[in-house]
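Note that the coordinates shown come from a computational prediction; the quantities given were computed from them, not determined experimentally. Within every chain, numbering begins at 1; the chains are lettered A, B, ... in the order of the sequence lines, protein sequences first and strands thereafter.
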There are 2 protein chains.
Amino acid sequence: MTNALTFAALADPTRREVFERLARGPLAVGDLAQGMPVSRPAVSQHLKILKQAGLVIDEAMGTRRIYRADRDGLAVLRAWLDGFRDNALDAYQAEIQRQMDERKNT
Amino acid sequence: MTNALTFAALADPTRREVFERLARGPLAVGDLAQGMPVSRPAVSQHLKILKQAGLVIDEAMGTRRIYRADRDGLAVLRAWLDGFRDNALDAYQAEIQRQMDERKNT
DNA sequence: TAAGAGCGTTAGTCATGACTTACCGTAAGT
DNA sequence: ACTTACGGTAAGTCATGACTAACGCTCTTA
């Protein structure tokens, strides 16, 4: 259930915008905060969460710190989505339904 | 930016479990709340949010109300993900990089 | 070593949201 | 009509999280 971090990270609109900007190209924190409606420390905090979720990668460049989007971090989301492709889990459905009926009879 | 509702809806773990259960088969609210760590009203509130996000569909069945997952609601998520497929936006990257270098030279 | 740039972190505030209990409406059965 | 089942809603509580201002650390340049 490590995808919880990914979902939580992408839940915030500001964080999604940060990620989308980084997906267009690497940026330093200051340049990233430039033109955003929130302060630079706020962006820093968002970057921390995105990093924990594996969605961004940072790299020290002198006194600046360059962030870039890590598209592989989206894999867990894709995997989760693929679990709902049509009725791939229909095999479980009968079993679950059976357990439910069982519980109902008690 | 209608995907905000979808992201917000799927951000909560309890709500994801509700959706996952419904994806395995339609359920009434009571049966759904059965075996979940939260109360039935809580499930009702979650269902309301999932419905607003287009992730579930409800249908009156006598005094009961049957909910089922609507997989089409995941389309907006897929679309968002597809926007990051590899480097489809690499054209922008050079431009952004150029602006960064420009700023660095001032 | 001093000074400034760039960022992360801390402390504190404020809004949001997840939850429970209690209540109310509606549909079916007696 | 009365009662019971089922579920949505209201009110209130508590935790979380997004944000800002202030501070401190590290790296570079003079």
Output all residues satisfying side-chain contact (heavy atoms from CB on, under 4.5 Å) with B:I57, sequence neighbours left out; order by chain, then residue number. B:R68, B:D70
What side-chain hydrogen bond (donor to acceptor under 3.5 Å, both in side chains) pairs are there with at least one residue in residues 48-57 of chain A, not counting sequence neighbours? A:K51-A:D58
Working note: B:E17 + B:R21, criterion salt bridge (charged side-chain N to carboxylate O under 4.0 Å, His left out); need CA distance, chi angles, decisive distance, verdict. CA-CA 6 Å; B:E17 184 172 345; B:R21 287 196 182 203; 3.2 Å; yes
Below 4.0 Å from chain A heavy atoms, what is the first contacting nucleotide of DNA chain D and what is the last? D:dA18 to D:dT28
Which residues, ordered by chain and number, are linked to A:V76 in its hydrophobic cluster, where ILVMFWY side chains connect at heavy-atom gaps below 4.5 Å, directly or through other members? none
Run the salt bridge (charged side-chain N to carboxylate O under 4.0 Å, His left out) test on B:R78 and A:D82 for me, step by step, so that the C-alpha distance in whole Å, both residues' side-chain angles and the decisive distance to 0.1 Å come before the verdict. CA-CA 10 Å; B:R78 291 192 189 280; A:D82 288 346; 3.6 Å; yes
Pick out the pairs of N or O atoms, protein on one side and nucleotides 7-12 of chain C on the other, that lie under 3.5 Å.
unit_1, atom_1, unit_2, atom_2, d
C:dC7, OP1, A:V29, N, 3.1
C:dC7, OP2, A:G30, N, 2.8
C:dG8, OP1, A:Y67, OH, 2.6
C:dG8, OP2, A:S44, OG, 2.1
C:dG8, N7, A:R40, NH1, 3.2
C:dG8, O6, A:R40, NH2, 3.1
C:dT10, O4, A:Q45, NE2, 3.4

Set of side-chain contact (heavy atoms from CB on, under 4.5 Å) partners for A:L22, sequence neighbours left out: A:V18, A:L27, A:L32, A:L47, A:V56, A:Y67, A:A69
Per the ring pair (Phe, Tyr, Trp, His ring centres under 6.0 Å) rule, what does the pair list look like for residues 17-37 of chain B, sequence neighbours excluded? A:F84-B:F19
Nonpolar side-chain network containing B:M61, other nodes, edges under 4.5 Å: B:I66
Can you check whether B:S39 has a side-chain N or O nearer than 4.0 Å to OP1 or OP2 of C:dC19? no
Going by the rule side-chain contact (heavy atoms from CB on, under 4.5 Å), which residues pair with B:R40 if we only count those two or more places apart in sequence or in a different chain? B:V29, B:A33, B:S44
With five pairs defining each end axis, the helix from C:dT1-D:dA30 to C:dT30-D:dA1 comes out bent, to 10°, by 20°
Sequence-distant partners of B:T14, side-chain contact (heavy atoms from CB on, under 4.5 Å), two or more places apart: B:D12, B:M36, B:V38, B:H46
